Amino acid sequence: MSVSRFWRKIPQRYNLIGTQCTTCGRYFYPPRSLCPDCRRSGTIVEHQFRGEGTIVTYTVIRTASDLFEHTTPYVLAIVRLDEGPNLTAQVVCRPEEARIGMRVKSVFRRIAADGESGVIHYGTKFVPAE
Amino acid sequence: MRDVAVIGVGCTQFSEHWYTSFRNLFVEAGTLALEDAGVTGGEVDALYVGNMSAGRFVEQEHIGALIADYAGLATNHIPSTRVEAACASGGLAFRQAVIAVASGMEDVVVAAGVEKMTDVGTGVGVDTLAGAADREWEGFAGATFPGLYAMIANDYMHRYALTREQLAQVAVKNHENGAKNPIAQFRQQITIDTVLNSPMVADPLRLFDCSPITDGAAAVVVVPLERAREFTDTPVRVLASVQASDTIALHDRRDISTLDATVAAGRRALRQARLEHRDIDMLEVHDCFTIAEICAIEDLGFCAKGEAGRLTEEGVTALAGDLPVNTSGGLKACGHPVGATGIKQIYEIVTQIRGEAGKRQVDAEVGLAHNVGGTGATVVVHILGGC
């Protein structure tokens, strides 16, 4: 991912900042600038999520793209945040620890590095919270 | 709207084509299709080509112009258009050709699909395919394509009674079919143990749950039904052509292990064709992973959610079963050159309806093709029948 593309979403990626439609109340993470339900009649504001949620489903990645290959195996999950939206993130735990329904909380972590001299991507991962 | 018929089909060997270039794969498939249709190049009014990512796989864009040129049609100045919907690009190309003919805008149209995937290494290949999902919010976190389908599989197995052996049987069945298909990439039979002993890619999916990296091209020729007999004695009619969308990211779906776009497209297609499930004799579904075939059979409405594993185990979806699924070998055994797959599905159904499928021939008058882009963000369904 290019530097500008990563840089543009740093607050959202570092601090789990998404959006909310104040017309219908629905929360969005990843952030959306248009509410899919209210569309043009919706009003979108920023929202910082608490970072607590539950694993909806997960897998253990054993073969990854070049960017992630050196970190395999890693647990990848769809996490449902308590405010409602689902997101895809890594869970920092042993593969055999992960399970559907597990409570997790967000942490700030290094995600990947774009080669030895490229930008380091930081962002949100989750850890078990039980 | 005019009725549309397929009058010719062609397909290259699905394989690792070290000695054949992207453009020559297309030329081979297109030539076979025109010969089969009894059409000369000069009669072709328009070209549509499905291609996911020539930009990443062979660093070539402007595919419409390239294939028109190398097919010898550039100096006829016909319209040639690339369409893209990740792994559903082929199905989309076929649909664009059908729309062009149905509308009355064009008469003789070639729909093709082509992908050359083996000119890059596995890492780039995996990363390119991950672009079918949400790059910023799935790929960024380390999601791979098998990883996303593995999360579908884990959700499914948590909620429904699907055994690991039933899942493996999908691959075993598709290899049995592929072994009888001369164009298939893998023509050897496997056992459940082959699947269960293969390396884990993304839990619970193992190597033999995954479709391979493949080079290949396929092409078909469509014309107005009223003109079909000018070209062939065995036209195959397009009874329905439907496309549906859903959220790009898996995490935004209403239900992780139901592809709502498949549900919507399947329903609309049957309505358009004025048919019911029992009228469909065979399916070519998008088994990019074994779990995807299970979901497809259910989401298309051929059985209730949670039952496709048992049907597979009982042989219902095998060649000799009541509802043969993926007689070509599917993406799993026939191979999955992503842009070509949707056209190959049409190729297979036409071949079956004409009774030209050799050792894998089933009794089929009506077949349904189901082509998926990404994890279900685009679904294309076609129903074809003899006439």
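Being a predicted model, the structure only gives us computed values, none of them experimental. In what follows, chains are A, B, ... by sequence order, proteins preceding strands, each numbered from 1. As a basis for the values below, the full set of heavy atoms in this structure was taken, side chains included, without hydrogen atoms, waters or symmetry mates.
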Against chain A, work out which of B:Gly147, B:Gly142, B:Gly139 has the most heavy-atom pairs shorter than 4.5 Å and name it.
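Top count of heavy-atom pairs under 4.5 Å with chain A: B:Gly142.
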Who among B:Val201, B:Val126, B:Ile152 has the most heavy-atom pairs with chain A under 4.5 Å?
B:Val201
Tell me, side chain or backbone of B:Ala143 under 4.5 Å from chain A's heavy atoms, or both, or neither?
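Both parts, backbone and side chain.
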Examine whether an atom of B:Phe145 lies under 4.5 Å from a heavy atom of chain A, and if so say whether it belongs to the side chain, the backbone or both; otherwise answer neither.
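When you check distances to chain A, no heavy atom of B:Phe145 falls under 4.5 Å.
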Residue [X] versus chain B: region with a heavy atom under 4.5 Å:
{"X": "A:Leu76", "answer": "both"}
{"X": "A:Phe6", "answer": "side chain"}
{"X": "A:Val56", "answer": "both"}

Are there any donor-acceptor pairs closer than 3.5 angstrom between chain A and chain B, and if so, which ones?
unit_1  : atom_1 : unit_2   : atom_2 : d
A:Arg5  : NE     : B:Glu136 : OE2    : 2.9
A:Arg13 : NH1    : B:Glu136 : O      : 3.0
A:Arg13 : NH2    : B:Glu136 : O      : 3.0
A:Arg32 : NH2    : B:Asp252 : OD2    : 3.2
A:Thr57 : OG1    : B:Met151 : O      : 2.6
A:Thr57 : OG1    : B:Asp155 : N      : 3.4
A:Tyr58 : O      : B:Asn154 : ND2    : 2.6
A:Thr59 : OG1    : B:Asp203 : N      : 3.2
A:Thr59 : OG1    : B:Asp203 : O      : 2.6
A:Val60 : O      : B:Asp203 : N      : 3.2
A:Arg62 : N      : B:Val201 : O      : 2.8
A:Arg62 : NE     : B:Asp203 : OD1    : 2.9
A:Arg62 : NH2    : B:Asp203 : OD1    : 3.3
A:Arg62 : NH2    : B:Asp203 : OD2    : 2.9
A:Thr63 : N      : B:Val201 : O      : 3.3
A:Tyr74 : OH     : B:Gly142 : O      : 2.6
A:Asn86 : ND2    : B:His251 : O      : 3.1
A:Thr88 : N      : B:His251 : ND1    : 3.2
A:Thr88 : OG1    : B:His251 : ND1    : 2.7
A:Gln90 : NE2    : B:Ala141 : O      : 2.8

Applying side chain to side chain contact (heavy atoms under 4.5 Å, CB included), can you list everything that pairs with A:Val45, at least two apart in sequence or on another chain?
A:Gln20, A:Thr22
